[in-house]
Amino acid sequence: MAENFHLLLWCVPLLPLLAGGIIAFLPDTRGRIASKLAIAALFVSCLLALGALVCVLAPGNERIPAPLTWFSFGDVELKIGLLLDPMSAAMAAMVTFVALWIFIYSLGYMHDEKRFGRFFGFLSLFCGAMLMVVLSNSLLLLFMAWELVGLASYMLIGFYYEKPSAAAAAQKAFITTRIGDMAFFLGMIWLYGHSGTLLFYDGGNGLLESGALSSLAGATTIGGLTVSAAASLLLLVGAMGKSGQVPLHTWLPDAMEGPTPVSALIHAATMVAAGVFLVARTHPIFALGGDTGISLTATAWVGSITALYAALVALAQTDIKRILAYSTVSQLGFMMIALGTGGVAAAMFHLIAHAFFKALLFLSAGSVIHGCHGEQDIRKMGGLRAAMPKTFLTYAIGMMALAGFPFVFSGFWSKEAILHSAEYWPGGKGPFAIAATAALLTAFYMTRQALLVFFGAPRKPGVHHPHESPAVMLVPLMVLAAGAVLLSLVGTPAWPWFEKWIDGGSTGVNFAAFAKPATLMLIGLSLVIVTLGVGLSYMIYRNPPDESNAPDPLEAKLGGLWKFLGTGMGFDALYEKAVIAPLAFVAGGIDALEKQVFVPLMGLAESLLKRCGIVTRATDEQAINGGFDGVCSGLQRSADSSSQSQTGRPQGYLRSIGLGMTLLLVLYFWLSQRS
């Protein structure tokens, strides 16, 4: 296997991509074949990814297959390749495993969809591109796959293109992420210009190795800013676009317009994780300025603002999927806080744990929507625990993991690791305080959602005859719920295996770590946060209104702030007035200028050109052509006259010769006498 390792590693992303390409040529009537092909390809990729994960479980057992020369220009070769280290192995295993269960879930959820096969083709393309992102050993290859992820997300979010809101959400996601992608592209060019390579690791000559890092840290640009800082800030903007960080976050809540499995895939296992992964992968460049350098400081504060903003907005949402969407934005902010404060392993642990419980929550929400005949408004639900007990159980596990319920749920330990990283950051306590506040709000709004959906009495008017989902949808929920719990085993202070493994070390079990004062303080703080969040939410929502059109209990307490939060703090309206309206005004002015000035001028120019054409035609036909035709006719007549003398009779020719000779002799003798 070792000699064919590089081929097997390439198969991990290429198999789903190949499946997506084949499905593109299948008619819609072959949807069942398409779904089986997509699931089979991803299943094999999952096995290979898990095998690759086993290969690098031992510390220091990274594998870097030889890069491939893509093309050459002059003496320069542009190379691309794949990389297998703990970070990429963990991501590849997570993406394939979680996505595989989302694919299986889709068999039931999308059962009646007429474009069933096309849906699985888009999913395969999406997963293949994301796998290429996480396995790339080249920033260029990562960027190419990054763009392919954006294309696939556009097609998936706008899958119901006949629905105006879905089509608008797809366009919004595509355009907003392009802003970040342009910054990413500029940063990549800048890095290549100063390092001469885009390979991450290349036998000591890679972008993330000592030689290139030294040159990046030593070169300066405008205002004395180092090239490493400038390029990493551009990469950060790219990550902000993909991972929905403020102010490039507005597309992510709207992405729920796609089918629920798409929401689970985008919000959990793939697209939004790409930005966090990019910062984690290129963290050595970010860290060249030190723990409080401009790049890491910007990352920490962007994450802090995003985590708190999205948690506040989620309080006032009423759509079951939109609450989870803003929750994703907030949790991505937590990951950015960890990256900015130096906790790369904490960020990656929360990313992977979040993938399990957020996919679980979205798929559980999809089960609720399926059982409630398409209803998504939590104000019209209530009492679903009795009608959907299995969905309730799995949802409760995901909710407690996200809220950070203590000890047995992975979200508790991953957030504890982030708080630990933020607390000891030398740049200040701001990110730590904000992260703690956002964690409290998370526990509050997730408890609110659970109480309004599953507890109390059914609302009137509300959902009629809710029912449990089929087994093909419930089994993935149970598997993901088990993952949300079991992941907690590798992230506790007693056995922080994941953190040490990502950092390239090893560790053993040490229960005495629980007795450390710093650990006890953070665990106690986490318990207080969860208790306060859950307790406050229970006090407010324990007796929800019986009428679905009644005001929310929190609305009366927040007053005008409720509407402000419900509209996402007005970001969309702000962009509409500050960006879209001016652009529309300029576009309208250009349109008016074209219609009132350029179009008449073009008509005048057309008329003048036509008149010039008429004059030119007359000159050409009557003068030039007439004169030329006259000359030609004269030449033809002369030729005709000359041709008449050519009779073809030798006697005539001899008489002509004799006559000519006679004339010449007469002329000769006449001239001789004159001389």
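Excluded from the calculations below are hydrogen atoms, water molecules and symmetry mates; all remaining heavy atoms, backbone and side chain alike, are included.
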- Item | Which atom of Ala152 lies closest to which atom of Phe122, heavy atoms considered | CB-O, 4.4 Å
- Check the pair Leu148, Phe126 against side chain to side chain contact (heavy atoms under 4.5 Å, CB included), reporting the backbone distance first and the verdict last. CA-CA 8 Å; Leu148 193 56; Phe126 197 104; over 6 Å; no
- Note on the structure: Heavy atoms of Leu141 and Ser136 approach each other most closely as CG-OG, 3.5 Å
- Approximate separation, where rounding is to 0.5 Å, of Leu37 CG and Leu18 CG: 7.5 Å
- Quick one: does Ser243's side chain have a donor or acceptor within less than 3.5 Å of a partner on Val272's backbone? yes
- Message: Looking at every non-hydrogen atom in both residues, tell me the closest pair between Ala239 and Trp146 and how far apart they are.
- Response: CA-CH2, 4.2 Å
- Under 6.0 Å from the CG atom of Leu233, do we count more than 12 heavy atoms belonging to anything else shown? yes
- Measure the CD1-CZ distance between Ile189 and Phe184 for me, rounded to the nearest 0.5 Å. 11.0 Å
- Item | Whether over 12 other heavy atoms sit under 6.0 Å from Arg30 CZ | no
- Is there a donor-acceptor pair under 3.5 Å between the side chain of His194 and the backbone N or O of Ser215? no
- Task: For Ser138 and Phe200, run side chain to side chain contact (heavy atoms under 4.5 Å, CB included): C-alpha distance rounded to whole Å, both residues' side-chain angles, the deciding distance at 0.1 Å, then the answer.
- Result: CA-CA 6 Å; Ser138 164; Phe200 293 132; 5.9 Å; no
- Item | Any side-chain heavy-atom pair of Leu252 and Leu332 under 4.5 Å | yes
- Steps toward side chain to side chain contact (heavy atoms under 4.5 Å, CB included) verdict (Arg118, Ile23): CA-CA 7 Å; Arg118 187 179 303 180; Ile23 292 171; 6.0 Å; no
- Note on the structure: One should read off an interatomic distance between Ile39 CD1 and Leu42 CG, to the nearest 0.5 angstrom, of 8.5 Å
- Non-hydrogen atoms of Ser45 and Leu15 that approach each other most closely: OG-CB, 3.5 Å
- Here the side-chain hydrogen bond (donor to acceptor under 3.5 Å, both in side chains) pairs for residues 244-256, sequence neighbours left out, are Lys172-Asp254, Gln245-Thr306, His249-Tyr309, Asp254-Arg322
- Item | Intermediate values then yes/no, salt bridge (Lys or Arg N to Asp or Glu O under 4.0 Å), Lys577 and Asp572 | CA-CA 9 Å; Lys577 293 181 179 179; Asp572 284 322; over 6 Å; no
- How close do Ala129 and Leu17 get, heavy atom to heavy atom, and via which atoms? N-CD2, 3.8 Å
- Query: Does Tyr201 offer a backbone N or O that forms a donor-acceptor pair with the side chain of Asn137 under 3.5 Å?
  - Reply: yes
- Item | side-chain hydrogen bond (donor to acceptor under 3.5 Å, both in side chains): pairs with one or both residues in residues 658-667, sequence neighbours excluded | none
- Message: Please check this pair: side chain of Ser124 against backbone of Phe120, looking for a donor-acceptor N/O pair closer than 3.5 Å.
- Response: yes
- Task: Hey, could you give me each pair passing salt bridge (Lys or Arg N to Asp or Glu O under 4.0 Å) that has a residue in residues 135-156? Not counting sequence neighbours.
- Result: Glu147-Arg178
- Evaluate the criterion side chain to side chain contact (heavy atoms under 4.5 Å, CB included) for residue pair Leu48 and Thr96; output intermediate values, then yes/no. CA-CA 9 Å; Leu48 293 175; Thr96 54; over 6 Å; no
- Check for a donor-acceptor pair, side chain of Asp202 on one end and backbone N or O of Asn205 on the other, with a separation under 3.5 Å. no
- Item | Atom CZ of Phe185 with >12 non-hydrogen neighbours under 6.0 angstrom | no
- Message: I need the single residue from Leu235, Leu234, Leu216 that forms a side chain to side chain contact (heavy atoms under 4.5 Å, CB included) with Trp190. Which is it?
- Response: Leu234
- Judged by atom type as modelled, is there a donor-acceptor pair below 3.5 Å linking the side chain of Thr177 to the main-chain atoms of Phe174? yes
- Within-4.5 Å side-chain heavy-atom neighbours: Arg281 and Leu208: yes
- Going by heavy atoms in the side chains, are Leu198 and Phe143 under 4.5 Å from each other? no
Mind listing the side-chain donor-acceptor pairs of residues 154-163 below 3.5 Å, one per line with the distance, residues two or more places apart or on another chain?
unit_1	atom_1	unit_2	atom_2	d
Lys163	NZ	Glu257	OE1	3.2

- Query: Has the side chain of Gln636 got a donor or acceptor atom that lies under 3.5 Å from a matching backbone atom of Cys632?
  - Reply: no
- Message: Quick one: does any side-chain atom of Glu209 pair with a main-chain N or O of Gly211 as donor and acceptor, under 3.5 Å?
- Response: no
- Message: I need the minimum non-hydrogen distance between Ser232 and Phe286, along with the two atoms involved.
- Response: O-CZ, 3.2 Å
- Task: Please examine the side chains of Leu199 and Lys79, heavy atoms only from C-beta on, and report whether any two atoms are closer than 4.5 Å.
- Result: yes
Run the side-chain donor-acceptor check on residues 589-602: report pairs under 3.5 Å with partners two or more places apart or on a different chain.
unit_1	atom_1	unit_2	atom_2	d
Asp591	OD2	Lys595	NZ	3.3

- Phe43, CZ atom: more than 12 neighbouring heavy atoms under 6.0 Å: no
- Task: Mark yes or no for whether Thr226, through its side chain, and Ala229, through its backbone, hold a donor-acceptor pair below 3.5 Å.
- Result: yes
- Task: Kindly say whether Gly150 contributes a backbone atom to a donor-acceptor pair with the side chain of Ser153 at under 3.5 angstrom?
- Result: yes
- When rounded to the nearest 0.5 angstrom, what distance separates NZ in Lys610 from OG1 in Thr616? 15.0 Å
- Pro284 versus Leu207: any side-chain heavy-atom pair under 4.5 Å? no
- Quick one: does Phe119's side chain get under 4.5 Å of Ser35's, heavy atoms only? no
- Message: Please list all pairs meeting salt bridge (Lys or Arg N to Asp or Glu O under 4.0 Å) that have one or both residues in residues 234-250, counting only residues at least two apart or in different chains.
- Response: Asp181-Lys242
- Working to the nearest 0.5 Å, report the span between CG of Leu139 and CD1 of Ile80. 13.0 Å
- Can you tell me how far the OG1 atom of Thr197 sits from the CG atom of Leu191, to the nearest 0.5 Å? 10.5 Å
